[in-house]
Amino acid sequence: MTTITVHPPKPGAKINPQMWGVFFEDINFGADGGLYAELVKNRSFSFPDPMMGWHKISPSKARGALSVQGDDPYAVQHPRYLRLQSQGTDVFGVANEGFRGIGLKAGEAYRLTLRLRCLSGTPALRVALYGENGAVLEQTELSGLAGAWEERSLELRPAATDPKAKLYLLMVGAGAVDIDFVSLFPVNTWKQRPGGLRADMVQALADLRPGFLRFPGGCIVEGSELDKRYQWKNTIGPAEQRPLLINRWNYEFLHRPAPDYFQSFGLGFYEYFLLCEDIGAAPMPILNCGMACQFNSGELVPLTDLDPFIQDALDLIAFANGPATSEWGAKRAAMGHPEPFNLTMLGIGNEQWGPQYIERLERFVTAFRAQHPEIKLIASAGPEPADERFQYLWPKFRDLGVDIVDEHCYARPDWFFANTHRYDAYDRAGPKVFFGEYAAQSDKMVSVDNRNTLECALGEAAYMTGLERNADVVVMASYAPLFAHKDAWQWTPDLLWVDNLAVVRTPNYYVQQMFCHNRGDTVLPTEVSGTAPGTVFASAARDDVTGEIILKIVHRGAAPGYADIVLDAVTPVHARQIVLSGEPGATNTFADPARIAPLPAPVVIVGPKLSLPLKPNAFTVVRIKTG
Ligand code: AHR
C-alpha cells in the first residue's frame, strides 16, 4: 500500500507566485498565421517573391495585366505594391490564399482594410470571400476610388463557415488600380481590438492563468545570422511601418520547409506586453546578446561593437517602465498605454554557450547593475540540461552574479521520471533556476513522430513535483513550444494545436493548467513510501489564503492502486480532487479534443486519513481542508 505523508507543521520555502508560466515563440506559425489574427498572407507584397500567397484571377474574356510596382509606395518600409490594369471585358484581379486557407465563421464580422490608388478609368473593386469549394460566401464592391493613396475599409459577413476560404480582389470596369497593405481581421479578436489577436488562442492562455510569459523566443531571438536576429525596435509603432523579416523556421528544418513563413511583427513587443497584462502574466522578454544562433552561423558582434545591443536592452526597460514623458515611454504612450508595463526581468541570450557568451553577458551585467539593479537578469545555460557546455557556464554565472539561469531540456519521458530529484542537491546560494524550455518527447528531439501523449504529460507532471519541492531554488518553469498550426508546423510536440478555426488543448496543457491553478504558496515536506521506486511521485503545498493543503500525485502504472494520505498533526475535514488519466499513448485530436481532460472525482475521508484510489496513468490534484 502506498503511503504519502505530508508535514504541515514543517513548512518549507515560499513558492514564487510566478512559478508556472508560458513560453511563446513564433514557430509553427505561432504568430503570423496563428496568434496574430491577420488572415491575409503577404499583405504588403513584401515577401522576396512579392506574389507569394497571391494568385491571378482572369476569366477567359478578361483582358488585363498585373504587376508589382515600387514607385511612390504607401509605406517606405514596404516599398512594393500590386498594380491591376484591366480593359473591363470581364472581372480581373487576384486571390489571397491566407495562411493554409482563411478560417471564416458563418455570420461573424470580418474587417477588410486596403490601401488603394486609382490611376485611370473609374473601375470598382469587387471584394469577395470564396469557400474552399468555390462558393461565394460574401461579396461587395468598392467604388469612387481616389487618385491618391487612401485607406478603405469595410465589413464582410460570410454566409458559411469555412476553414480554407480565399479572399478575392477583382477589378470591375476598365482602368488601373494600385493596391497595398490588404488586411482582413475578424472583428471578434481578443478584447475586440482592431488588428488584434485570435480570441480563442488567447483564451486558451488566459485559461491557464500563467505566472509569466517568456517571449519572443527561442532561436528567433538569435537569428541564423545576426542580420536576421529579432530586433524589438522594429516591432513597435504603426503595423504598416514594421519591416518584414524572414522567420528562421522558414528554412531551419529541411524536412519541414515553410517557404512562406515570415515575421510581419503585427504581434510586436507592445502587443506582447499588452498580452501579458491581459492574462495576468509577468513579461519576460529575451534579447539578443550579440551572437547569432550557435546551431547556425554563430556569428559574433565584436566586443567593441556591443554597445548598441546593450543600449537596446536599456531602451526596452525605458519603453516598458519609463514615464510617458520620457523618450521611450512616450512611444509606449503613443501606442495607447501611458501606464508602465512593470517589467521586472529580462533574459540576455537564448541557448548560448562558450566563453564568447560569457564575455558578452558580462558587459550586459555591468551595464544593468549600474543602471537598472532592480531588473532580474536571466542567463541561458545552453541547449542541454547537463552537458559540458552547461557545466562550463554554471560556475561563470555564479561568478558574474546573474540572478536566474535558464535551463532547457527536450528528452524522452523516462528522463523526466528519472530526474525528479535533480534539484534536491543544487547550490542554494547561487543564482536561481528557470526551467525555461522543456517537453517530454515521445520519440526523440526534432522527430516528426513526437506526439503529445498522456505518458509525456505524466513525465512532465512528475518532474514538476520535483520543481515544486525545490521552489527555494527553482523559481519559474515553462513548457515549449506553445502553439503549432496543424498544417504548418516545424516542431512537435507543442502545448496547443490549432487549425484556422479551433484550438486543441493537449494532455500536457492540462498538466500545466492543473499546476497553475493549484500552485500553493508554501512548500510542505512530503514523503512517498510503500511503493516501487518510479511509480508514485508527489509534492504538497499550502494555500496561505484558504489554508488548504494542495497535494499533487503522479501515478505511473497500468494497474489501479490506493494511497493512504497521512497528514502529520492535522485532520482532514473535506477534500476534493481532479484527475487526468487514460491510456499512456492517448492524445487529444481535432476530432476528439477532450479525450484526455481533467475530471473531478470523490475523495473518502476515514478518520484522520484520506484513502485515495490511484487510477492507472494518472495525475491527481487533491485540495484538502483541515480541522
Ligand atoms: O522550442 C523550440 C526551440 O528549441 C527554441 O527555439 C530553442 O530555444 C530550442 O532549441
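Order of appearance sets the numbers: ligands from 1, and atoms from 1 within every ligand. FYI, the numbering just counts along the sequence from 1.
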* Structure fact -> Nearest non-hydrogen protein atom to atom 6 (O) of ligand 1, with distance, is Glu25 OE1, 2.5 Å
* In the protein, which heavy atom is nearest to atom 8 (O) of ligand 1, and how far is it? -> Glu437 OE2, 2.8 Å
* Asked: Any side-chain donor paired with an acceptor under 3.5 Å for Gln203 and Asp207?
  -> yes
* Does one side chain, of Asn470 or His421, offer a donor that lies under 3.5 Å from an acceptor on the other? -> no
* To do: Using a strict cut-off of 4.0 Å, indicate which atoms of ligand 1 neighbour a heavy atom of Trp249.
  => 6 (O)
* To do: Below 4.0 angstrom from a heavy atom of Gly218, which ligand 1 atoms are there? Numbered from 1 as shown, please.
  => 5 (C), 6 (O), 8 (O)
* Going from NZ on Lys486 to CH2 on Trp497, what distance comes out if it is rounded to the nearest 0.5 angstrom? -> 10.5 Å
* **Test applied, salt bridge (Lys or Arg N to Asp or Glu O under 4.0 Å); reference residue, Glu271; option that passes from Arg193, Lys191, Arg242** => Arg242
* To do: Indicate the ring-plane relationship of Phe368 and His372, choosing parallel, tilted or perpendicular according to the 30° and 60° boundaries.
  => tilted
* To do: Measure the acute angle between the ring planes of Phe273 and Phe215, then classify it against the limits of 30° and 60° as parallel, tilted or perpendicular.
  => perpendicular
* Structure fact -> Pro186 and Leu39 have their tightest heavy-atom pair at CD-CD1, 4.0 Å
* To do: Return yes or no for this condition: an N or O of Cys219 is under 3.5 Å from an N or O of ligand 1.
  => yes
* So is Glu351 polar-close to ligand 1, meaning N/O to N/O under 3.5 Å? -> yes
* Is it the side chain (CB and beyond), the backbone, both or neither of Ile220 that lies under 4.0 Å from ligand 1, heavy atoms counted? -> neither
* To do: Between Tyr410, Phe23, Trp491, Tyr438, flag the one that comes closest to atom 1 (O) of ligand 1 by a heavy atom.
  => Tyr410
* So, does Pro383 sit close enough to ligand 1 that a heavy atom of it is under 4.0 Å from the ligand? -> no
